[in-house]
Amino acid sequence: MTLALADIIAARRAIAGIASLNTPLIPSPHLSEKMGIGIHLKLEIGQATGAFKLRGAANAAESLPEDAPGVTCCSTGNHGRAVAYAARARGLRAVICMSELVPRAKVRGIEALGAEARIVGRSQDEAQVEATRLVEEEGFAQIPPFDALPVIAGQGTIGIELIEQCPELATVLIPLSGGGLAGGVAFALKNIKPTIRVIGVSMERGAAMHAALAAGRPVPVEEMPSLADSLGGGIGIANAHTFALCRDYLDEIVLVSESDIYRAMQMHYFEDRIVCEGASAVGAAALLSGKVRGLDGPAATLITGRNVDMSVFTDIINGRDVALGDTTLEGQAYAA
Ligand SMILES: *Cc1c(COP(=O)(O)O)cnc(C)c1O
């Protein structure tokens, strides 16, 4: 099975009514002036779950039979929220498996979306064992966070919208982790407009797809604390789809530092008046740090989510230090 543009067009119909479609594409006057070309922001922060992942989860849930016993996954982040929301919208039971180490606030966030939080063991791996058991013994469907065609097609709907909203677009920057978003969006963009330049952006600390593409195959990558926490995690050693899509459809991958992300979050807040999470700010971080060479406009970057820990966010806005695991990222007041 491979991806086709028709799957993405079909996804758009399937997810209408669950995910928000045609989310705003707004100009960023400050970034445009700094870069000397028009820069637009595609705002996925208005999705009901606060992040674009609802598109992929809604499309995956849509293809399940109405009498399915339930859906499960192991994420407490944006994917878990999306699965919880999409399942409830379809009248399906959702059981999100997580370890005892998950903070209470995240558990409550999942429960508030109508899902059952099943707390098992002290690691993500132990939680995964329970999700696998639900699939094998109780007939649940597992919705993967990125490496599944319905998920990739759902995320790809953003690509179709970008071209409709700004046909002249020359460059698109896409936050990149497992590559469901970048793979789907780049596939849609290049199929509709082959001349468009598509750039994946990851953080330096634990850039799994970048390491895999450099090695020519998926490789294990150490996960490290990052302001772009939603971009953490591997691409899966048995990756079936997103590795090949990113290899074939991304023109390049740019890596940004934690201080690049810190400054970009401040910039989106003070200039664009946007509250977004670190993963959303990597596109602006790549632009402002001068890491994108020969930029053609107009360009767009995806503001993928707003689910940021607000105490960390206000520390950043106020220029305070931020703890990243064992290290400290030194704060700096915003300067335009
Ligand atoms: C998951 C996520 C991404 C990256 O998506 P992938 O499909 O894993 O590459 C980017 N931004 C946010 C906010 C996310 O939650």
Side-chain angles (χ1 to χ4, degrees), residues 3 19 23 41-47 49-57 59-60 73-85 106 109 143-159 172-188 198-203 206-213 218 221 223 226-236 239-247 249-250 253-256 261 264-265 268 274-286 301-309 313:
L3 190 64
T23 51
L41 311 175
K42 175 73 165 159
L43 299 184
E44 287 294 304
I45 52 181
Q47 294 289 352
T49 56
F52 78 89
K53 279 202 176 67
L54 190 50
R55 295 181 186 246
N59 196 41
C73 74
C74 265
S75 158
T76 57
N78 288 331
H79 177 58
R81 297 172 58 84
V83 169
Y85 187 94
K106 287 209 163 187
I143 301 184
F146 54 85
D147 198 24
L149 290 175
V151 172
I152 298 166
Q155 324 302 30
T157 55
I158 293 173
V172 177
L173 295 119
I174 309 178
L176 169 64
S177 175
L181 177 67
V185 174
F187 181 89
V198 189
I199 304 172
V201 190
S202 300
M203 68 293 191
M209 185 61 80
H210 182 261
L213 292 177
V221 170
E223 200 169 336
S226 168
L227 290 182
D229 53 340
S230 290
L231 300 186
I235 67 163
N239 188 288
H241 305 289
T242 60
F243 172 78
L245 283 168
C246 289
R247 180 192 62 205
Y249 292 95
L250 290 180
I253 296 176
V254 171
L255 302 184
V256 293
I261 300 170
M265 288 172 79
H268 279 312
I274 286 174
V275 174
C276 67
E277 53 179 286
S280 294
V282 296
T301 181
L302 310 189
I303 306 296
T304 46
R306 61 160 184 233
N307 293 323
V308 58
D309 178 331
F313 185 77

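Positions are given from 1 along the sequence. Indexing begins at 1, ligand by ligand and atom by atom, following the structure's order.
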**Student:** Heavy-atom pairs closer than 4.0 Å: do any link ligand 1 to the side chain of Leu231, the backbone, both, or neither?
**Tutor:** side chain

**Student:** Less than 3.5 Å between some nitrogen or oxygen of Leu181 and one of ligand 1, yes or no?
**Tutor:** yes

**Student:** May I ask you to check whether Leu176 has an N/O atom sitting below 3.5 Å from an N/O atom of ligand 1?
**Tutor:** no

**Student:** Counting only heavy atoms closer than 4.0 Å, does ligand 1 sit against the backbone of Lys53, its side chain, both, or neither?
**Tutor:** side chain

**Student:** Applying the side-chain contact (heavy atoms from CB on, under 4.5 Å) test to Leu176, which of Val254, Val282, Val201, Ile253 qualifies?
**Tutor:** Ile253

**Student:** Any donor and acceptor pair, going by atom type alone, linking the side chain of Arg306 with main-chain N or O of Val275 inside 3.5 Å?
**Tutor:** no

**Student:** Salt-bridged, Arg55 to Glu44, with N to O below 4.0 Å?
**Tutor:** yes

**Student:** Using a heavy-atom cut-off of under 4.0 Å, does the side chain or the backbone of Glu277 touch ligand 1, or both, or neither?
**Tutor:** side chain

**Student:** Taking non-hydrogen atoms only, is Asn78 closer than 4.0 angstrom to ligand 1 via side chain, backbone, both or neither?
**Tutor:** side chain

**Student:** Is there a side chain to side chain contact (heavy atoms under 4.5 Å, CB included) between His268 and Ser280 once you walk through the steps?
**Tutor:** CA-CA 10 Å; His268 279 312; Ser280 294; 6.0 Å; no

**Student:** State, with a plain yes or no, whether a side-chain heavy atom of Ile158 is found less than 4.5 Å away from one of Leu302.
**Tutor:** yes

**Student:** Using distance alone, determine whether Ala51 and ligand 1 share an N or O pair under 3.5 Å.
**Tutor:** no

**Student:** Side chain, backbone, both or neither: which applies to Ser177 and ligand 1 if a contact is any heavy-atom pair less than 4.0 Å apart?
**Tutor:** both

**Student:** Are the side chains of Phe146 and Asn239 in contact, using a 4.5 Å heavy-atom criterion?
**Tutor:** yes

**Student:** Does Ser280 reach ligand 1, in the sense of a heavy atom lying below 4.0 Å from it?
**Tutor:** no

**Student:** Among all protein heavy atoms, pick out the one at the shortest distance from atom 8 (O) of ligand 1; state its residue, atom name and that distance to 0.1 Å.
**Tutor:** Gly178 N, 3.0 Å

**Student:** Where is the nearest protein heavy atom to atom 11 (N) of ligand 1: which residue, which atom, and how far?
**Tutor:** Thr304 OG1, 2.8 Å

**Student:** Are Asn78 and Glu277 linked by a side-chain donor-acceptor pair shorter than 3.5 Å?
**Tutor:** yes

**Student:** Kindly confirm or rule out an N or O of Gly180 lying under 3.5 angstrom from an N or O of ligand 1.
**Tutor:** yes

**Student:** Looking at every heavy atom in both Ser177 and Ile235, which two are closest together, and how far apart are they?
**Tutor:** O-CG2, 3.9 Å

**Student:** Return the closest protein heavy atom for atom 5 (O) of ligand 1 as residue, atom name and distance.
**Tutor:** Phe52 CZ, 3.6 Å

**Student:** When you check the side-chain N and O atoms of Lys42 and Thr23, is any donor under 3.5 Å from an acceptor?
**Tutor:** yes

